[in-house]
Amino acid sequence: LVNDISYATKNAIVELEYWLKVHKNDWFKAWASYNTGWRYKGNTGLKYSEDIAVIVHTLRNEYYL
């Protein structure tokens, strides 16, 4: 995964698609599960989702003005 960005990206997409199905398209829960699996309600998963949400919000504001 570290040496092959294409392979890593494909695996990340598969993983996110799985968690999106599990959480019925709830991106916040999917991001948390991507990071922590079924323990997405814990502090680590929630913090990860919050960090991703901030990044997405920042990118949207900078690139869609």
Side-chain angles (χ1 to χ4, degrees):
L1 290 175
V2 175
N3 296 325
D4 189 340
I5 298 298
S6 177
Y7 179 73
T9 303
K10 288 175 186 175
N11 281 322
I13 290 168
V14 168
E15 187 74 12
L16 281 169
E17 287 174 342
Y18 169 77
W19 288 115
L20 278 170
K21 286 179 186 176
V22 168
H23 294 299
K24 299 178 181 150
N25 291 320
D26 183 329
W27 277 98
F28 198 81
K29 289 180 182 177
W31 291 327
S33 288
Y34 176 81
N35 186 257
T36 60
W38 291 105
R39 297 180 183 174
Y40 66 93
K41 292 181 182 179
N43 290 337
T44 303
L46 295 177
K47 175 71 171 112
Y48 184 81
S49 283
E50 289 169 0
D51 292 346
I52 298 295
V54 168
I55 292 168
V56 169
H57 179 75
T58 301
L59 289 172
R60 282 186 177 162
N61 286 341
E62 290 185 21
Y63 294 103
Y64 292 114
L65 293 177

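Side-chain contact between Val22 and Tyr40 is absent, with no heavy atoms from C-beta onward closer than 4.5 Å.
The two residues Gly45 and Ala32 have their closest heavy-atom pair at O-CB, 3.3 Å. Residues His23 and Ser33 share a closest heavy-atom pair of NE2-OG, 2.7 Å.
Between the CG atom of Asn43 and the OG1 atom of Thr36 there is a distance of 10.5 Å, given to the nearest 0.5 Å. The distance from atom CG of Leu46 to atom CZ of Arg39, rounded to the nearest 0.5 Å, is 14.0 Å. Considering NZ of Lys10 and CG of Asp4, their distance stands at 8.0 Å, rounded to 0.5 Å. To the nearest 0.5 Å, atom CD of residue Glu50 and atom CD1 of residue Ile55 are 12.0 Å apart. Note that CG of Asn11 is 11.0 Å distant from CG of Leu16, once rounded to the nearest 0.5 Å.
Checked against Trp19 for a ring-ring contact (aromatic ring centres under 6.0 Å, His included), the options Trp38, Phe28, Tyr34 give a single hit: Trp38.
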